[in-house]
Amino acid sequence: METHINTHSQLIKRLRAQPVSVPNLLPIFSSWPGAVNPHWRALVPVMNARIDSLFPEPAKATKLKRCDFAHLASTRWPLAGFNELYILAFLSLWLVTWDDQIDDTKRSLSNDFEAAEQYRRETLYFVAQCLDLDITEGLPRSYNDSIFVPDDPIVQSFDVIGEALRDAYTYGSLLLLPITSFFCLNLK
């Protein structure tokens with residue numbers, strides 16, 4: 001362990017001594033829309049209400065509100081309509097908070113691999129269920145018997161995103177969504 005720390009410290013010292021030049025990235029992004037969505041300010045109270053509904057503890061809610069997911073979505077998707085922008089902002093919030101459930105060292109999932117795996121399996125199943133995708137292979141029998149409703153409010157809140165995606169895409173395009181969504185969303 002000590003060798004790793006020394007190697008890390010040595011690397012930092014060497015990097016600090018080196019000049020760093022960042023090339024002009026503007027030509028690369030010249031076709032990228034450089035605006036803020038006009039629905040940004042109208043989306044802020046909607047996102048704040050959503051955060052309050054998911055996080056009743058004021059400290060966590062305040063911290064998430066400061067992240068301003070409405071502004072994040074508005075700068076990434078400046079041409080989206082209000083409903084699409086809401087779903088994109090909520091998807092950003094969902095991804096960050098879902099990941100925090102596992103990474104947060106104050107929560108049991110960060111220290112319990114099996115519980116974290118169960119959380120991931122339940123999330124995968126619920127997301128597939130929300131998207132009307134059949135991924136029952138390899139899942140416990142209890143998932144296949146009925147409609148699954150997760151206990152975790154973060155996981156459960158994907159239902160809004162799933163409904164919007166089902167309304168906007170065909171079954172075939174939903175199957176390709178995990179592969180193409182990153183590229184498509186970043187190009188718009």
Side-chain angles (χ1 to χ4, degrees), residues 22 24-107 109-110 116 119-120 122-133 149-170 173-188:
V22 178
N24 180 3
L25 299 175
L26 290 177
I28 296 170
F29 294 104
S30 62
S31 64
W32 194 279
V36 176
N37 193 298
H39 301 295
W40 166 45
R41 295 203 189 281
L43 184 58
V44 171
V46 175
M47 289 304 296
N48 287 346
R50 190 69 167 161
I51 289 168
D52 286 337
S53 73
L54 289 171
F55 300 95
E57 54 288 342
K60 178 75 172 180
T62 300
K63 189 175 177 182
L64 286 168
K65 287 175 187 176
R66 274 192 241 128
C67 293
D68 199 351
F69 288 93
H71 188 260
L72 171 69
S74 294
T75 56
R76 292 209 54 195
W77 296 284
L79 306 176
F82 183 83
N83 291 336
E84 292 80 12
L85 187 65
Y86 167 72
I87 294 301
L88 291 163
F90 189 52
L91 177 60
S92 299
L93 171 69
W94 187 86
L95 289 168
V96 167
T97 56
W98 181 89
D99 185 60
D100 285 352
Q101 295 288 89
I102 294 176
D103 294 342
D104 188 350
T105 57
K106 296 175 187 155
R107 301 186 69 91
L109 293 177
S110 69
Y119 181 72
R120 285 186 278 271
E122 288 180 358
T123 301
L124 179 62
Y125 183 76
F126 186 69
V127 167
Q129 178 180 283
C130 288
L131 297 174
D132 286 336
L133 301 176
V149 179
D151 294 329
D152 186 87
I154 304 294
V155 176
Q156 169 64 42
S157 69
F158 187 85
D159 59 352
V160 173
I161 299 165
E163 180 181 349
L165 291 173
R166 276 193 331 269
D167 290 348
Y169 294 94
T170 64
S173 61
L174 278 173
L175 292 174
L176 296 174
L177 195 60
I179 299 166
T180 59
S181 63
F182 175 78
F183 299 107
C184 293
L185 292 176
N186 283 316
L187 293 175
K188 289 183 179 177

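For clarity, every value in this text was computed on a predicted model and none was experimentally measured.
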| remark: Smallest heavy-atom separation, Leu54 atom then Pro56 atom, equals O-CD, 3.5 Å

| message | Looking at every heavy atom in both Leu85 and Ala80, which two are closest together, and how far apart are they? | response | N-CB, 4.1 Å

| side chain to side chain contact (heavy atoms under 4.5 Å, CB included) assessment of Glu122 paired with Val155 | CA-CA 8 Å; Glu122 288 180 358; Val155 176; 5.6 Å; no

| task | Evaluate the side-chain proximity of Gln101 to Tyr119: yes if any heavy-atom separation is below 4.5 Å, no if none is. | result | yes

| said: Return the CD to NE2 distance between Glu84 and His39, rounded to the nearest 0.5 Å. | reply: 8.5 Å

| query | To the nearest 0.5 Å, what is the distance between CG (Leu131) and CZ (Phe158)? | reply | 5.0 Å

| task | Would you name the heavy atoms of Val160 and Arg50 that are closest together and state the gap between them? | result | CG2-NH2, 3.2 Å

| said: I need the full list of side-chain hydrogen bond (donor to acceptor under 3.5 Å, both in side chains) pairs touching residues 154-165, with sequence neighbours left out, sorted by first then second residue. | reply: Gln156-Asp159

| field | side chain to side chain contact (heavy atoms under 4.5 Å, CB included) assessment of Asn48 paired with Val44 | value | CA-CA 6 Å; Asn48 287 346; Val44 171; 3.6 Å; yes

| query | What do you reckon, is CG of Asp151 surrounded by more than 12 foreign heavy atoms closer than 6.0 Å? | reply | no

| message | Could you walk me through whether Leu124 and Arg120 satisfy the side chain to side chain contact (heavy atoms under 4.5 Å, CB included) test, starting with their C-alpha distance in whole Å, then the side-chain angles of each, then the deciding distance to 0.1 Å, before giving a yes or no? | response | CA-CA 6 Å; Leu124 179 62; Arg120 285 186 278 271; over 6 Å; no

| Point-to-point distance, once rounded to the nearest 0.5 Å, from NZ of Lys65 to CG of Asp52 | 3.5 Å

| Atom pair CZ (Phe69) and OG (Ser74), whose distance is rounded to the nearest 0.5 Å | 13.0 Å

Mind listing the side-chain donor-acceptor pairs of residues 89-99 below 3.5 Å, one per line with the distance, residues two or more places apart or on another chain?
from: Ser92; atom 1: OG; to: Leu88; atom 2: O; distance (Å): 3.0
from: Trp94; atom 1: NE1; to: Ile154; atom 2: O; distance (Å): 2.7
from: Thr97; atom 1: OG1; to: Leu93; atom 2: O; distance (Å): 2.8
from: Thr97; atom 1: OG1; to: Trp94; atom 2: O; distance (Å): 3.3
from: Trp98; atom 1: NE1; to: Thr123; atom 2: OG1; distance (Å): 2.8

| message | Please check this pair: side chain of Asn37 against backbone of Ala73, looking for a donor-acceptor N/O pair closer than 3.5 Å. | response | no

| Sub-4.5 Å side-chain heavy-atom contact between Met47 and Leu64 | no

| message | Using the rule given for side chain to side chain contact (heavy atoms under 4.5 Å, CB included), can you reason through Asp68 versus Trp40, listing the C-alpha separation, both sets of side-chain angles and the distance that settles it, and then say yes or no? | response | CA-CA 10 Å; Asp68 199 351; Trp40 166 45; 3.6 Å; yes

